[in-house]
Each structure stands twice: as C-alpha cells, then as structure tokens.
Amino acid sequence: MVPVSDGCPEFRLGSVLATSFTATLTERCGDAVERIPTPQRLADWLAVSGLAVGSCTPQDLTRARELREAIHRVATATALGEPLPAAAVAVLNDHSARGHAAAVLTPEGERRWRLGPASAVADALGVLAADAVAVVAGERDGRMALCASPTCRAAFFDTSRSRTRRWCEMNTCGNREKKSRFRARHGAGPGPAA
C-alpha cells in the first residue's frame, strides 16, 4: 500500500494494473471507501502506477471513475462466468481506442509507458482499458476472481498456482474474515473495526 499524505485512504496496488485501478474504490458492498476523491489523488495514483501525468481535471476524474466502474463490471461478469455487460465493454473499448500511449523499454530492460503531452490522462486511461481488455480476453496466465469478503467483493486477477485465492488482499480482507470466524468460534464479540 502507498502511505497517506493528505488524509486520503492509502492506495492498494497490485501486480495487475486494471484490477489495481478498480481497487481505488473498496468495500463496495459495505461502507465504500473512495481512494481517488479528487483530481489530485487520481494524478497521485497514476504516478505511483507508472502513468505519471502533469495534472488532472474534474472531468478527467469523472472519466476515470466511469472507466473504473466499467472495468469492475466486466471483471465481475468474467469472474462469475456471466455475459459481459455491453455498456461496460463499450466504455472499455472507447477508452482503449482513445489512448495513444507507447510502450518503451528502459535501459534496465523494464517496460514503461510514454504518454503524450497533450493527452496524458486520456493516454493513461487508454493503458488501463487496454490492460483490462488483455486480462479479460485471457491473454495472461491466471483467472478473474471476486474477493470472498461479503463487504468487499473486489475483482482481482488470481495468479496463484492453484487458482483458488479467496481474498483480494490477505492483509486486509483475508485477515478481517479470519478474525471474524475465530471470534465466532470462540464466543468473543466482534472486536474493533478493521
């Protein structure tokens, strides 16, 4: 996780860009936690995700949240084996086509993204959409899954050997659920909120 510097909740960063982006809204089925409440926090998230932009506008934030929710709807349908929602697919495709980022190789042999100076946010959103398309289309070794926490239900990409991972993050949802089951078995109260 990335530390909080301005009173906003920490970012949850994973190894898959698209599902890390959907994790900017957590506890979707409980008391939702918005991790990109302002255009500046969107710029911060993009920067720590390798997609640094100079700044973001309120309109950029609106478009980013629209894309985030489209990715989550498509990932959820994929995890459940349901048909992909046409409206969400259209949003993904639109953002993917709109972006013009270029993959570049660093001297250390790592891939980075070069965003255009005039359309950096659109390019960054295009990278996120293209990543979601690749994951949902099965171009990576793994499977889409949903967090087993009844309040979270985050979509994540399971690359575990057995493909049976249950939690989006063991340190948050997994521990909270295991503590809850332990308390239930041992007659303890619910304890402090996680």
Side-chain angles (χ1 to χ4, degrees), residues 1-3 9-30 32-33 35-36 45-51 67-85 88-89 91-93 95-96 101 103-113 124-186 191 193-194:
M1 287 192 206
V2 176
E10 295 176 337
F11 295 137
R12 291 181 174 181
L13 302 174
S15 60
V16 177
L17 196 55
T19 54
S20 288
F21 186 51
T22 64
T24 60
L25 179 65
T26 56
E27 297 301 312
R28 290 171 177 270
C29 300
V33 177
R35 296 173 189 278
I36 54 170
W45 187 90
L46 291 170
V48 299
S49 299
L51 299 167
L67 175 60
R68 175 186 67 191
E69 296 313 301
I71 293 170
H72 188 264
R73 285 191 301 277
V74 168
T76 298
T78 301
L80 296 173
E82 296 175 349
L84 301 181
V89 169
V91 170
L92 278 178
N93 291 341
H95 280 281
S96 183
V104 295
L105 190 62
T106 68
E108 297 77 31
E110 297 175 357
R111 181 180 74 169
R112 297 280 186 251
W113 292 101
L125 297 180
V127 169
L128 294 168
D131 191 60
V133 168
V135 170
V136 170
E139 295 176 6
R140 295 199 191 145
D141 188 26
R143 73 171 184 95
M144 287 305 308
L146 295 178
C147 184
S149 167
T151 60
C152 179
R153 302 302 285 164
F156 66 92
F157 194 63
D158 181 6
T159 58
S160 67
R161 186 178 309 223
S162 64
R163 305 294 192 263
T164 57
R165 199 173 115 201
R166 297 189 62 212
W167 318 108
C168 62
E169 286 190 14
M170 189 61 213
N171 292 336
T172 53
C173 292
N175 280 341
R176 183 175 48 230
E177 292 300 312
K178 286 183 175 193
K179 286 178 185 178
S180 176
R181 286 195 309 260
F182 177 84
R183 287 184 192 106
R185 280 193 314 267
H186 293 88

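FYI, side chains are in, hydrogens and waters are out, and symmetry mates aren't considered; it's all heavy atoms of this structure.
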**Student:** Quick one: list whatever passes side-chain contact (heavy atoms from CB on, under 4.5 Å) with Arg161, sequence neighbours left out.
**Tutor:** none
**Student:** Between side-chain atoms of residues 70-80 and protein atoms elsewhere (two or more places apart, or another chain), which donor-acceptor pairs fall under 3.5 Å?
**Tutor:**
from	atom 1	to	atom 2	distance (Å)
His72	NE2	Arg28	NE	3.4
Arg73	NH1	Glu69	O	3.4
Thr76	OG1	His72	O	2.8
Thr78	OG1	Val74	O	2.9

**Student:** Applying salt bridge (charged side-chain N to carboxylate O under 4.0 Å, His left out), name anything that partners Glu82, two or more places apart in sequence or on another chain.
**Tutor:** none
**Student:** Write down the atom of Arg35, the atom of Ala23, and the distance for their closest heavy-atom approach.
**Tutor:** CD-O, 3.4 Å
**Student:** Should Arg163 and Asp141 count as side-chain neighbours, where that means a heavy-atom distance under 4.5 Å?
**Tutor:** yes
**Student:** Considering only heavy atoms from C-beta outward, does the side chain of Arg140 approach that of Thr159 to under 4.5 Å?
**Tutor:** no
**Student:** Taking all non-hydrogen atoms of both residues into account, name the closest pair between Ala101 and Trp113 and its distance.
**Tutor:** CB-CE3, 3.9 Å
**Student:** Return the set of residues passing salt bridge (charged side-chain N to carboxylate O under 4.0 Å, His left out) with Arg68 (not counting sequence neighbours), or none when no residue passes.
**Tutor:** Glu34
**Student:** Heavy atoms only: give me the nearest Leu125-Leu67 pair and the separation to one decimal.
**Tutor:** O-CD2, 3.3 Å
**Student:** Do you know which two heavy atoms are closest between Ala18 and Leu128, and how far apart they sit?
**Tutor:** CB-O, 4.0 Å
**Student:** Is there a donor-acceptor contact under 3.5 Å from the side chain of Ser49 to the main chain of Leu51?
**Tutor:** no
**Student:** Name all pairs fulfilling the salt bridge (Lys or Arg N to Asp or Glu O under 4.0 Å) condition that reach into residues 147-159, sequence neighbours left out, sorted by first residue then second.
**Tutor:** Arg143-Asp158
**Student:** What residues, two or more places apart in sequence or in another chain, satisfy ring-ring contact (aromatic ring centres under 6.0 Å, His included) together with Phe157?
**Tutor:** none
